[in-house]
Structure formats: structure tokens, C-alpha cells
Amino acid sequence: MYVLKSEITVGRYRFSGVQDVRISRSIYTPVESAIIRLPRRASVVRDGRVMNERVVTGRQFEIGDQVDISLGYGTDAPRREFSGYLQRILHGDHIVLECEGASALLRQNDITGFWKRAGLPDLLRTAALGLPGGVDIPICCTADLTFENVVASRVTGLAFLDMLVGYTDGALAIYIDADGRLCATLPYSNSGGDIQVDATFKMGYNTRGESGLRARNGVRQPRMVRLAKRTAIGGLISATSGNAGGVYAKTLGHLADQATLEKVAQEKAGRFNHSGYEGSLRTFLRPRVGIGGWVGIYDAKYPNNDGIYLIEGLTTFFGVLGAGYEIVPGVKHGA
């Protein structure tokens with residue numbers, strides 16, 4: 001059941017067996033990265049037969065080659081964990097392939113324009129225009145924000161997205177989800193309501209090794225957020241969120257209205273004040289999880305922190321020492 005299995009395709013070549021793979025994702029960046037370590041020499045298989053010849057690994061690849069990584073266990077078909085493009089080849093004791101997901105395409109388009117006033121979904125679509133090969137990245141937006149006076153002069157789609165995050169003082173999370181969609185959300189403001197729980201983990205039962213989680217202590221952080229904006233006629237609008245205590249104050253010029261300012265203030269306050277776990281935990285490749293999804297975390301030692309958590313960061317690891325996920329939890333559902 002727990003025999004590791006992989007199917008890795010780079011350009012026209014396919015690898016199987018236990019290769020060393022590491023895939024990293026976070027809801028705070030659209031950039032997905034994968035590292036594949038291969039032996040310097042490999043056998044060639046033709047028509048299901050291993051040939052006598054051996055080739056120097058790496059000479060067959062070209063920058064920009066399509067990369068697909070599927071991983072799994074035993075007799076089950078491996079599941080796709082990464083799809084992207086080869087960005088760099090490093091030669092040494094092993095061949096190291098550095099790969100990037102769909103964000104590699106967002107580095108290659110060219111955005112120019114001025115938006116007096118625009119909603120976030122329209123700006124996300126703008127960032128994904130003109131991608132190489134006519135690739136279309138679907139949009140998923142749960143953050144109802146409006147921006148004004150947005151200026152872009154020959155910037156890439158990735159740089160354009162970074163601008164939008166900067167306009168919110170880092171409150172906006174933009175990432176590419178497991179379905180290949182370009183997603184934007186205010187994760188700590190959308191932690192209530194109906195959700196789908198993708199997996200449940202019990203410490204010491206279906207986790208790997210010692211937990212790297214610890215209870216979060218938010219007392220040292222500012223607990224009140226005050227955001228302000230100057231209007232076109234010289235007036236001032238502001239929004240406050242959080243409890244009395246230390247104050248975090250900022251003036252943000254590209255948020256278009258009071259409602260947007262309030263949503264961003266609420267998100268910033270949620271980041272400062274949330275309770276629950278921080279750190280990370282390691283699990284197996286089953287059940288499958290992805291960034292932006294929700295997982296239950298339960299530990300008999302710390303029952304006060306039990307609950308459903310957003311996955312903020314995720315590292316997939318695969319190699320001779322085993323395989324699994326390293327999950328970084330974020331906000332606790334309903335907190």
C-alpha cells in the first residue's frame with residue numbers, strides 16, 4: 001500500500017520510480033515551484049525494454065519544456081501534484097531541474113493601461129491577458145474590492161498582481177489553486193460560513209513524526225488596525241477594525257471607497273489577532289490537500305486548538321525517505 005510511485009514527464013521524456021521531488025506553494029504568491037533531482041545517468045526504456053545504453057541526464061531537456069509530476073502509493077494511479085515549465089537545469093552530482101507552474105506564463109505577458117476605477121475580478125483578468133500560446137487561466141475571486149488610479153506601464157502579469165497586493169498593504173492573497181485557477185481572497189475575513197473540509201488529521205494517528213505546531217500567541221502583536229485614504233477633493237475616509245490595544249496605522253491611496261477600506265482593515269486585524277496553531281505538520285500523500293483548502297486538526301494534548309484550519313502553505317515532498325505534505329495552517333474556521 002505504501003510503496004511509492006511517480007510519473008514525471010519533462011518535455012518528451014518520462015521518468016518513474018522514486019525520484020527526489022519537492023513542490024512548494026503558498027496562498028500569498030501565485031508562484032508555484034518544483035525541484036526535481038535526477039541521477040546523472042539514466043537507462044533508456046524502449047517498447048517496455050531496458051536498453052544497454054545509458055544517457056547523460058539533462059542533455060535531453062530544454063528550458064520551457066512542459067513538466068508534469070504525478071505521485072502516489074502502491075497500485076493506485078499516481079495523482080497529478082504539479083504542472084508547469086522547466087526554468088533552469090543545474091549540473092552536479094545530480095541533475096537538478098528547477099520548475100515553475102502557470103506563474104511562469106504570467107512573467108511573459110505585457111500589461112499597460114490606466115484604470116480610473118476597477119473591481120478586482122476585472123484586474124485579475126487583465127493580469128492574465130496575452131499569455132504565451134493563448135493559454136487561458138480561469139479566475140476565482142472572493143474578495144469584493146474596488147481600486148482606483150491603477151497605472152501599469154509594460155509590466156508583466158505577475159508584477160501587476162504584486163501591485164494589487166501592495167495596494168492592500170499585503171492583505172490580499174493571490175495564488176493559483178489545485179484546479180489551475182488564479183484566485184484572490186481575503187482569507188482571514190472569509191473564515192466563517194459554509195466550507196468544505198478536505199481532510200482530517202489526528203496527531204500521532206495519520207500524521208508523520210512529531211508535530212511542528214504550537215499555540216499561537218498574538219498578545220505581542222498590534223490588535224487594532226486603522227486605515228485611511230485621501231479623497232480626490234482632499235477629504236479623508238478611514239476604517240478601524242480590531243480590539244483596543246496596540247495600533248497599526250496606514251494610509252492607502254488606491255482603495256477606491258469606504259467599503260473596500262473596511263474590508264482590508266478587517267483582514268489586517270484578523271491577521272494580527274487570530275488564535276489557534278502556527279508552525280507546520282507533516283502528513284502522508286493521502287488524503288490529498290491543497291492550498292486554500294480546509295483541514296481538521298486535532299491533538300489530545302492541546303484540545304483548545306482543535307478545529308478546522310485554512311491551508312496557507314503547502315510543501316509536497318517525495319523521495320527515498322518517504323512522501324507526504326508539510327502543511328502550514330492559517331486562520332481557524334469561525335475564529
Side-chain angles (χ1 to χ4, degrees), residues 1-10 13-26 29 31-43 45 50 54-58 61 67-84 86-101 178 198-214 277-291 293 295-299 301 309 311-329:
M1 176 180 179
Y2 290 105
V3 176
L4 299 179
K5 178 191 276 187
S6 71
E7 292 182 2
I8 300 172
T9 302
V10 181
Y13 293 86
R14 178 174 170 269
F15 301 85
S16 59
V18 182
Q19 314 295 342
D20 188 7
V21 175
R22 191 173 185 88
I23 304 166
S24 300
R25 295 182 173 91
S26 169
T29 176
V31 177
E32 314 163 276
S33 64
I35 303 293
I36 306 170
R37 294 170 62 89
L38 299 170
R40 292 188 63 186
R41 291 185 176 273
S43 299
V45 178
V50 179
R54 290 174 64 82
V55 298
V56 177
T57 311
F61 310 138
V67 177
D68 288 293
I69 302 174
S70 295
L71 307 172
Y73 296 115
T75 58
D76 294 344
R79 297 173 302 191
R80 180 173 291 179
E81 295 285 347
F82 178 86
S83 180
L86 180 60
Q87 299 296 296
R88 183 181 301 176
I89 305 170
L90 303 179
H91 296 267
D93 292 338
H94 290 78
I95 303 300
V96 178
L97 307 181
E98 297 184 355
C99 313
E100 186 175 341
D198 297 325
T200 298
F201 297 106
K202 296 180 180 179
M203 299 301 176
Y205 175 68
N206 61 343
T207 58
R208 296 175 58 100
E210 291 294 321
S211 170
L213 295 178
R214 57 193 179 274
Y277 282 121
E278 63 181 3
S280 64
L281 77 156
R282 286 196 163 199
T283 71
F284 299 94
L285 285 177
R286 296 175 178 167
R288 190 180 191 184
V289 297
I291 56 170
V295 293
I297 301 177
Y298 300 92
D299 189 347
K301 295 180 180 179
Y309 287 83
I311 300 179
E312 280 193 350
L314 185 70
T315 299
T316 306
F317 56 93
F318 184 93
V320 295
L321 299 180
Y325 298 113
E326 184 171 350
I327 297 171
V328 178

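Computed from a predicted structure; not experimentally measured. Each residue takes its place number in the sequence, starting with 1.
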| request: Check the pair Phe82, Thr316 against side chain to side chain contact (heavy atoms under 4.5 Å, CB included), reporting the backbone distance first and the verdict last. | output: CA-CA 10 Å; Phe82 178 86; Thr316 306; over 6 Å; no
| request: Not counting sequence neighbours, which residues clear side-chain hydrogen bond (donor to acceptor under 3.5 Å, both in side chains) with Thr283? List them please. | output: none
Could you pull out the closest heavy-atom pair between [X] and [Y], with the gap in Å?
X      : Y      : value
Ile36  : Cys99  : CD1-SG, 4.1 Å
Thr207 : Phe284 : O-CE1, 3.9 Å
Leu314 : Gly290 : CD2-CA, 3.9 Å
Pro329 : Tyr277 : CG-CB, 4.3 Å
Arg214 : Gly279 : NH1-CA, 3.9 Å

| said: Does Tyr73 form a side chain to side chain contact (heavy atoms under 4.5 Å, CB included) with Leu4? I'd like the steps, not just the answer. | reply: CA-CA 5 Å; Tyr73 296 115; Leu4 299 179; 3.3 Å; yes
| field | Geometric cation-pi criterion Arg282 and Phe317, 6.0 Å radius, 45° cone | value | yes
A side-chain contact here means heavy atoms from C-beta on lying under 4.5 Å apart; do [X] and [Y] qualify?
X      : Y      : result
Met203 : Leu213 : yes
Glu326 : Arg22  : yes
Glu100 : Val67  : no
Glu312 : Ile291 : no

Rounded to the nearest 0.5 Å, what separation is found between the [atom1] atom of [X] and the [atom2] atom of [Y]?
X      : Y     : atom1 : atom2 : answer
Glu81  : Ile8  : CD    : CD1   : 11.5 Å
Glu32  : Arg25 : CD    : CZ    : 4.5 Å
Phe318 : Arg37 : CZ    : CZ    : 15.0 Å

State whether the side chain of [X] and the backbone N or O of [Y] hold a donor-acceptor pair below 3.5 Å, judged by distance alone.
X      : Y      : answer
Arg79  : Leu285 : yes
Asn206 : Thr200 : yes
Arg208 : Ala323 : yes

| said: Go through it in stages, so that I can follow the logic: the residues are Phe201 and Ile327, the test is side chain to side chain contact (heavy atoms under 4.5 Å, CB included), and I'd like the CA-CA distance, side-chain angles, deciding distance and then a yes or no. | reply: CA-CA 11 Å; Phe201 297 106; Ile327 297 171; 3.8 Å; yes
| said: For a side chain to side chain contact (heavy atoms under 4.5 Å, CB included) check, start with the C-alpha distance between Ile89 and Ile95, then their side-chain angles and the critical distance, and finish with the verdict. | reply: CA-CA 7 Å; Ile89 305 170; Ile95 303 300; 4.0 Å; yes
| message | Over 60° means perpendicular and under 30° means parallel, so tell me whether Phe61 and Tyr13 are parallel, tilted or perpendicular. | response | perpendicular
